[in-house]
Novice: 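Handing you a structure now.
Keep in mind that this is a model prediction, so the values were computed, not measured.
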Amino acid sequence: VEAPLAAQRQALALADGTQIEVDAHTQLDVLIGRDERRARLAGGQAFFAVARDARRPFIVETPAGTVQVTGTQFNIRTEAPGVLEVTVVEGSVNV
């Protein structure tokens, strides 16, 4: 799944049940594999409601760092080089 740069918010529903809301001007690539789920957030902001799956962690890579979860709700913003802002709504994350 790829969310291209756009002038509006987009909602994505992944095959594993994860929901992602992508802000305008955000670049996000997602790959759902057998052993892990991985997203690459090149810039911008996205809200993740990750479906719980202890066998397949959900990993979000950004230029400023990596966030790993098994099931939770959180927001990531990375707009300035080297700056990563993570806001956890429910559950916990490893940054």
Novice: In Å, rounded to the nearest 0.5 Å, how long is the span from CZ of R55 to CZ of R37?
Specialist: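 CZ of R37 is found 10.0 Å from CZ of R55.
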Novice: So, using side-chain hydrogen bond (donor to acceptor under 3.5 Å, both in side chains) as the criterion, who are the partners of T18 when residues are at least two apart?
Specialist: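 Once residues adjacent in sequence are excluded, the partners of T18 under the side-chain hydrogen bond (donor to acceptor under 3.5 Å, both in side chains) criterion are D16.
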Novice: Kindly compute the distance separating OG1 (T66) from CD1 (I59), expressed to the nearest 0.5 Å.
Specialist: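 That separation rounds to 8.0 Å.
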Novice: Rounded to the nearest 0.5 Å, what's the gap from CD1 on I32 to CG on L14? Could you check?
Specialist: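 That separation rounds to 5.0 Å.
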Novice: Under 4.5 Å between side-chain heavy atoms, counting indirect links through other Ile/Leu/Val/Met/Phe/Trp/Tyr residues: same cluster for V83 and V93 or not?
Specialist: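 Shared cluster, no.
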Novice: Which atoms form the tightest heavy-atom contact between V69 and S92, and what is the distance?
Specialist: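 Shortest heavy-atom separation between V69 and S92 comes out as CG1-O, 3.8 Å.
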Novice: Please round to the nearest 0.5 Å and tell me the distance separating atom OG1 of T62 and atom CG of L84.
Specialist: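 Taking OG1 in T62 and CG in L84, the distance rounds to 4.5 Å.
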Novice: Please set out all donor-acceptor pairs under 3.5 angstrom arising from side-chain atoms of residues 42-51, sequence neighbours excluded.
Specialist:
residue : atom : partner : partner atom : Å
Q45     : NE2  : D23     : OD2          : 3.1

Novice: Nearest 0.5 Å, what's the CD1-OG1 distance between I20 and T26?
Specialist: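 Reported to 0.5 Å precision, the distance equals 11.5 Å.
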Novice: Would you please name every residue forming a side-chain hydrogen bond (donor to acceptor under 3.5 Å, both in side chains) with E36, sequence neighbours left out?
Specialist: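 Listed in chain order: R38.
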Novice: How close do R56 and G33 get, counting heavy atoms only, and between which atoms?
Specialist: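 Minimum heavy-atom separation between R56 and G33: NH1-O, 2.9 Å.
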Novice: What pair of heavy atoms forms the shortest contact from A64 to G82, and how long is it?
Specialist: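 Closest pair (atom of A64, atom of G82, distance): CB-C, 3.6 Å.
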Novice: Please report the C-alpha distance between V89 and N75 in whole Å, then the side-chain angles of each, then the deciding distance to 0.1 Å, and finally whether the side chain to side chain contact (heavy atoms under 4.5 Å, CB included) criterion is met.
Specialist: CA-CA 8 Å; V89 176; N75 190 74; 5.8 Å; no
Novice: Here's a test for you: under side chain to side chain contact (heavy atoms under 4.5 Å, CB included), which of V95, T87, V60, L28 qualifies with I76?
Specialist: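 Going through the options one by one, the only one that passes is V60.
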